[in-house]
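A short worksheet on the structure shown next.
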Protein chains: 2
Amino acid sequence: MATHAQVSVTAVSKVIRNAYGVSPAMKDRVKAAIEELGYRPQAVARGMRGRTFTIGLVLPHIRNPFFADILDGLTEYLENTDYQAFMIQGGATRKVELRAVDALMDRQVDGIIMVAPLASKARLEEVAKEKPTVVLARHERSSYYDSVFDDDEAGAELVVNHLVELGHRRIAHITHQDDSQARPADLLHNIRSATYERVMREHGLGDEIAIATSFYHEQGGYEGARELLSRPTPPTAIFAGADQAALGALAAVHEAGLSVPGDVSVAGYDNIHLAALPNIALTSVDQDGAEMGRAAGKLLLERIEGRMTPVRFSVTPSLVVRGSTAAPGSSGD
Amino acid sequence: MATHAQVSVTAVSKVIRNAYGVSPAMKDRVKAAIEELGYRPQAVARGMRGRTFTIGLVLPHIRNPFFADILDGLTEYLENTDYQAFMIQGGATRKVELRAVDALMDRQVDGIIMVAPLASKARLEEVAKEKPTVVLARHERSSYYDSVFDDDEAGAELVVNHLVELGHRRIAHITHQDDSQARPADLLHNIRSATYERVMREHGLGDEIAIATSFYHEQGGYEGARELLSRPTPPTAIFAGADQAALGALAAVHEAGLSVPGDVSVAGYDNIHLAALPNIALTSVDQDGAEMGRAAGKLLLERIEGRMTPVRFSVTPSLVVRGSTAAPGSSGD
DNA sequence: ATGAAAGCGCTAACAA
DNA sequence: TTGTTAGCGCTTTCAT
């Protein structure tokens with residue numbers, strides 16, 4: 001490229017990097033040549049000396065539409081930068097999650113953004129010592145990486161208070177289980193679950209606490225709700241820790257011949273698009289995923305630019321009340 | 001690494017690549033050193049001389065759970081290889097889609113698998129001439145890349161026949177619109193739509209053809225169905241070209257005060273997990289996404305190994321009948 | 001079987 | 001302001 005355009009490789013490099021020390025004339029000449037030859041710098045070669053302009057995003061899976069919001073926010077933020085985000089699947093086991101992060105490191109990404117609920121904090125810090133890192137959806141405080149998360153305590157509180165205010169007492173909860181090495185209190189599902197218990201007690205409903213431990217997906221919510229509904233004193237309201245589980249819970253309630261919200265109210269968390277459909281009308285907690293994605297991108301680039309001090313960015317959720325929740329025994333549906 | 005372990009860099013390289021010309025003794029020594037130092041080869045450096053062991057997957061977005069099946073299939077297939085798949089979002093416009101592919105090329109991925117409905121065939125072939133390429137979900141025949149797709153004609157036929165057999169005559173269809181530069185007949189939504197028209201005619205129902213042009217997502221299906229239901233002679237059955245749209249259609253039907261399948265039958269395409277939930281019970285066409293992902297991975301690796309002749313892999317869909325479809329005017333719901 | 005050495009396409013230090 | 005040069009960490013010849 002350089003020889004073909006009668007300029008030195010250094011000149012080309014400088015122009016591409018917007019570096020200091022090129023005359024306007026030279027700049028024009030190089031730019032013209034780049035244009036003409038359709039030249040594109042090889043990221044791997046750049047990576048050998050410095051940056052690859054690649055950032056890695058680890059997501060456990062892509063089945064939760066909430067992750068799509070995060071990715072969209074991140075993509076939007078990176079649009080005006082030289083960086084490109086690539087997503088790699090973290091999977092369902094710790095082993096796979098670790099391997100995904102390693103795969104990113106092996107490829108010299110400039111930074112890592114991850115939703116990694118399974119790894120230990122120690123492991124995350126090892127990674128963060130090597131590469132600029134932003135951790136999503138975990139609440140622990142680290143001096144090595146930035147954190148972006150939803151205030152899950154506030155969100156869960158909104159839901160339980162809403163159900164109590166409607167007059168419910170037998171409010172049950174569906175939570176998620178995994179074999180994480182994180183401190184339980186740092187994981188969102190445990191926070192939502194613990195907050196549910198706390199708020200129930202604060203309302204004097206400690207004896208009504210009923211938790212089904214299952215998974216944050218359709219099948220998990222379905223099975224969790226079935227289990228709850230089969231108990232001697234079934235709940236009049238179910239708070240599923242995630243919308244995907246709430247969709248399963250709705251199915252279980254209907255299948256049991258009960259109506260929503262007439263017989264059972266159902267609420268979720270995440271406010272996925274589906275929740276807004278009139279025949280689902282799921283009361284849910286909205287956390288701004290796109291905002292989280294943007295924030296993660298911004299924080300990561302700051303780290304890449306050299307910031308070493310940790311930053312924690314927290315999104316405040318809000319309750320979106322829809323038709324799936326109402327006073328117990330209301331004629332509804 | 002090499003010096004530290006008293007072996008030459010060449011030896012290390014050979015061992016890592018399983019190359020010819022290392023004695024068992026040397027092999028052991030190197031392996032021990034690799035283990036001890038936790039050495040991991042840099043993919044970018046390897047990429048400068050040969051492969052990066054990275055394959056790029058382009059998906060338009062990650063909101064369709066069907067894409068998750070594809071990714072899972074691909075990931076599963078690559079698990080026992082040295083390759084890693086990274087996903088990049090192709091986005092909603094042709095410009096973004098092209099940029100995503102460029103980003104992959106810039107990073108010297110060893111091959112590209114893409115769901116790229118917007119690009120022209122010519123553009124795909126340009127890419128395929130540079131890099132081993134597998135194109136998903138498009139039906140055109142190219143001599144430069146492999147194709148993996150669902151037999152959308154067969155699938156659409158299954159749905160329309162099913163509805164006709166139930167006794168429906170006023171069967172409407174919801175299709176998807178975009179500003180693709182592909183030949184329309186090569187895109188799955190056009191194939192489904194054209195097949196719907198053809199089968200309707202074959203059943204002597206040419207006059208009943210009613211198509212709402214919208215989008216393959218919840219909102220699109222909702223709006224499409226509303227439009228269809230507001231016509232002078234509303235349909236008794238709606239075939240949405242994708243489950244996501246079908247979910248929106250279900251919402252519109254319910255909102256109109258009509259019952260499913262009593263007043264209106266609804267069928268979709270993709271058989272996403274949600275379709276199986278008892279309260280949704282969506283009749284849908286199952287296409288094996290995981291199988292498509294595995295096939296794409298296999299074909300791509302073959303190409304990377306040197307195959308130049310094009311292969312087309314087609315998945316045969318099957319109909320999954322559930323509660324959302326029944327004879328017109330049946331008491332159901 | 002082994003390792004020295006060239007070179008992939010860049011960036012950064014330095015010389016001119 | 002410019003261009004020459006030395007590597008970055010690998011793979012691949014090619015002597016030994």
Side-chain angles (χ1 to χ4, degrees), chain A residues 1-34 36-54 82-84 102-110 130-131 304-306, chain B residues 1-34 36-54 82-84 102-110 130-131 304-306:
Chain A
M1 142 88 201
T3 52
H4 201 283
Q6 328 246 33
V7 293
S8 72
V9 288
T10 310
V12 178
S13 176
K14 279 180 178 165
V15 170
I16 283 176
R17 290 175 295 123
N18 265 310
Y20 201 77
V22 265
S23 64
M26 173 63 87
K27 196 166 182 171
D28 287 348
R29 203 141 58 89
V30 172
K31 282 200 166 170
I34 287 178
E36 190 194 327
L37 300 169
Y39 167 81
R40 314 209 79 199
Q42 294 197 15
V44 295
R46 306 183 80 176
M48 294 225 55
R49 298 294 290 163
R51 302 180 180 179
T52 55
F53 296 96
T54 305
D82 291 328
Y83 292 85
Q84 264 289 341
D102 281 340
L104 253 19
M105 308 271 276
D106 290 346
R107 282 156 185 84
Q108 280 67 54
V109 296
D110 296 332
E130 299 261 321
K131 288 272 182 224
I304 291 175
E305 301 301 339
Chain B
M1 142 86 198
T3 52
H4 201 282
Q6 327 246 33
V7 293
S8 70
V9 287
T10 310
V12 178
S13 176
K14 281 179 179 166
V15 169
I16 283 175
R17 290 175 297 123
N18 265 309
Y20 202 78
V22 264
S23 64
M26 172 63 85
K27 195 165 183 173
D28 287 349
R29 203 140 57 88
V30 171
K31 282 200 165 169
I34 287 177
E36 189 193 329
L37 300 170
Y39 166 80
R40 313 210 78 199
Q42 293 196 17
V44 296
R46 307 184 77 177
M48 294 226 55
R49 299 292 292 165
R51 301 180 180 179
T52 55
F53 295 96
T54 306
D82 290 329
Y83 292 84
Q84 264 291 340
D102 282 340
L104 252 20
M105 308 269 277
D106 291 346
R107 282 157 186 82
Q108 281 66 55
V109 295
D110 296 330
E130 300 261 322
K131 288 271 183 226
I304 291 175
E305 301 301 338

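Lettering of chains follows the sequences in order, A, B, ..., and the numbering in each one begins at 1. Treat the numbers as computed from the prediction; the structure is a model and nothing was measured.
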Upstream residue (5' side of DNA chain C) when B:Ala25 and B:Met48 are each assigned their closest nucleotide: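 Looking at the nearest nucleotide for each, B:Ala25 comes out on the 5' side.
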Contact nearer the 5' end of DNA chain C, comparing B:Ala45 with B:Tyr20: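 Going by which nucleotide is closer to the 5' end, it is B:Tyr20.
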Between [atom2] on [N] and [atom1] on [X], what's the gap in Å once rounded to a whole number?
{"X": "B:Arg49", "N": "D:dC8", "atom1": "CZ", "atom2": "P", "value": "16 Å"}
{"X": "B:Asp82", "N": "D:dT11", "atom1": "CG", "atom2": "C1'", "value": "15 Å"}
{"X": "A:Gln42", "N": "D:dC10", "atom1": "CD", "atom2": "P", "value": "17 Å"}
{"X": "A:Lys14", "N": "D:dG3", "atom1": "NZ", "atom2": "C1'", "value": "8 Å"}

Distance-only donor-acceptor check, side chains B:Arg107 and B:Thr54, under 3.5 Å: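 No donor-acceptor contact under 3.5 Å links the two side chains.
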Taking only the side-chain nitrogens and oxygens of [X], find out if one of them lies under 4.0 Å from OP1 or OP2 of [N].
{"X": "B:Arg17", "N": "D:dT12", "result": "yes"}
{"X": "A:Arg46", "N": "C:dT11", "result": "yes"}
{"X": "B:Ser8", "N": "C:dT2", "result": "no"}
{"X": "B:Thr10", "N": "C:dG3", "result": "no"}

Backbone of B:Asp106 reached by a side-chain donor or acceptor of B:Gln108 within 3.5 Å: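 Confirmed, B:Gln108 side chain pairs with B:Asp106 backbone.
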For DNA chain D, stems built from three or more consecutive Watson-Crick or G-U wobble pairs below 3.5 Å: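 Only these stems qualify: C:1-14 with D:3-16.
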